[in-house]
Number of protein chains: 2
Amino acid sequence: MAALANDTKTQILELGIQLIQQHGYQAFSYADIARALHIKNAAVHYHFPAKEDLYLAIVQYYIDVYQHMARQMNETQLSPKQQLDRFIQRYADLVDANKICIIGAASADYNNMPEAVKKKVTELVDYVLGLVEKTLAAGKRNGSFAFTETAKNQTMLLMTNLAAGVQLARITGKKDFENIRKSILKTIQA
Amino acid sequence: MAALANDTKTQILELGIQLIQQHGYQAFSYADIARALHIKNAAVHYHFPAKEDLYLAIVQYYIDVYQHMARQMNETQLSPKQQLDRFIQRYADLVDANKICIIGAASADYNNMPEAVKKKVTELVDYVLGLVEKTLAAGKRNGSFAFTETAKNQTMLLMTNLAAGVQLARITGKKDFENIRKSILKTIQA
DNA sequence: GTCTATAGGGGGATAGAC
DNA sequence: GTCTATCCCCCTATAGAC
């Protein structure tokens, strides 16, 4: 799980995530990873024999991250509003790091993926959408959110605002993401 | 402009667009284009010496397309509602063709672009956002649209719904885009 | 688990004939 | 404007020593 171990395998994984979100899967090579970690090409292949193995591990890593987040949110008894704020903050952080979200990056590359990775990506997307949907539904029940769409549709509206908002901000500037962020909150404000 | 000439250069351009939207800029090669058009690698380089020249031409092509569309909409006196419907239909067509929009594709690859292409992409985005903003503002004035955000913010909400909606649909299926489409229309319905 | 070394392929790009 | 031929580089991936 997220940044617990400091072994080479984990470092490769986390660097791979970063490179995918900043440059895309096709645009980075094992040599880039080797250089950054001061190891050799062959060492990277030892941990992830093929690049697809790395991609698969990255998507799985994200599923783990979100499962961990879901557990943590339950344990700490965050309100739906707090949960959503925390979720949205993750996207603001992407903008600051000049990254796009993993789902957007995966979508751009989706047609080049082997079936196993496609399947794992779908698993990730379903999981994340499910999480947000539950949060929105809970917020509507307790009166902190208001919307007329189904929770599922409202989730897709919100998620697409966030995902493409991050992409837009990369081109037109951070300010646009902040405006989108504020507008999103208004669309579900009770 | 769009699909008027049938010369090789135009064919390369249009095939390049298709490949970028389906597979991404990094994932296709001049060999792919040469094979499809039954010409040789070198002939592609004759028309577009470097791959960046092709990318630049593709983004310019899209600017031309939207300028042409804007002119046509003015001449044919389409209502704001009709203009928006036509615009949204373009995104539905992308989903059917298993493509993502050029802006989303460009964003994913943005950090790998030379400055000249980045600048041209920004030009495209500004132009398209401006177009939609005018349409939304006109629709609000004539009472066919209703929204409380500024026209610019509402434009960003709508555009991000469309752009990431297309990306999401690639992963989770066409039905999700159709649901997003319906929900979008409700958000601006007068 | 990491190294050196290298195989094998594909990519972008150019020279020069036609 | 298209061709053949080719260069050079970088990529993914593997074999085998340490």
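Order of the sequence lines fixes the chain letters, A, B, ..., with proteins taken first and strands second; residue numbering starts at 1 for each chain.
- Along DNA chain D, the nucleotide nearest B:K9 and the nucleotide nearest A:Y30 are compared for position; the residue whose nucleotide lies closer to the 5' end is B:K9.
- Relative to the side chain of A:A42, the nucleotides D:dA5, C:dT4, C:dG11 differ in distance, and C:dT4 lies closest.
- Out of D:dC11, C:dG12, D:dG1, the shortest distance to the side chain of A:S29 is found at D:dC11.
- A residue-by-residue look at B:K40 and A:A50 shows that B:K40 has its nearest nucleotide of DNA chain D further toward the 5' end.
- When the nucleotides C:dG11, D:dA13, C:dT2 are ranked by their closest atom to the side chain of A:H45, D:dA13 comes out on top.
- Looking at heavy-atom distances under 4.0 Å, A:F48 makes no contact with the nucleic acid at all.
- Counting to the nearest Å, the P atom of C:dA5 and the CG atom of A:N41 are 14 Å from each other.
- Of the candidate nucleotides C:dG11, C:dG12, C:dT2, C:dT2 has the atom nearest to the side chain of A:A43.
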In sequence, state the C-alpha distance, the side-chain angles, and the governing distance for B:R35 and B:D32, and then conclude on salt bridge (charged side-chain N to carboxylate O under 4.0 Å, His left out). CA-CA 5 Å; B:R35 201 178 309 114; B:D32 293 327; 3.3 Å; yes
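- With C:dT2, C:dA13, D:dG1 as the choices, the nucleotide that has an atom nearest any side-chain atom of A:H47 turns out to be C:dT2.
- Residue B:H38 contributes atom NE2, which lies 14 Å from atom P of D:dT2 at whole-angstrom precision.
- Looking at B:Q60 and B:K120, their side chains do bring a donor and an acceptor atom within 3.5 Å of each other.
- Between B:Q26 atom CD and D:dC11 atom C1' there is a gap of 13 Å when expressed in whole angstrom units.
- Taking a cutoff of 4.0 Å between a charged side-chain nitrogen and a carboxylate oxygen, B:E178 and B:K175 do not qualify as a salt bridge.
- Dashed line: the shortest gap from a side-chain N or O of A:T8 to OP1 or OP2 of C:dG1 is not under 4.0 Å.
- Checking C:dG1, C:dG12, D:dA15 against every side-chain atom of A:Y46, the shortest atom distance belongs to C:dG1.
- Across the protein-nucleic acid pair, B:L37 atom CG and D:dC3 atom P stand 10 Å apart, rounded to whole Å.
- A straight line from CD of A:Q11 to C1' of C:dT2 spans 14 Å, rounded to a whole angstrom.
- Counting to the nearest Å, the C1' atom of C:dG12 and the CG atom of B:L54 are 12 Å from each other.
- Among C:dC3, C:dG12, C:dT2, the nucleotide with an atom closest to any side-chain atom of B:K51 is C:dG12.
- In this structure, B:F87 and B:Y91 have tilted ring planes: the angle between them lies in the 30° to 60° band.
- A perpendicular orientation is assigned to the rings of B:Y25 and B:F28, their planes being inclined by more than 60° (bins at 30° and 60°).
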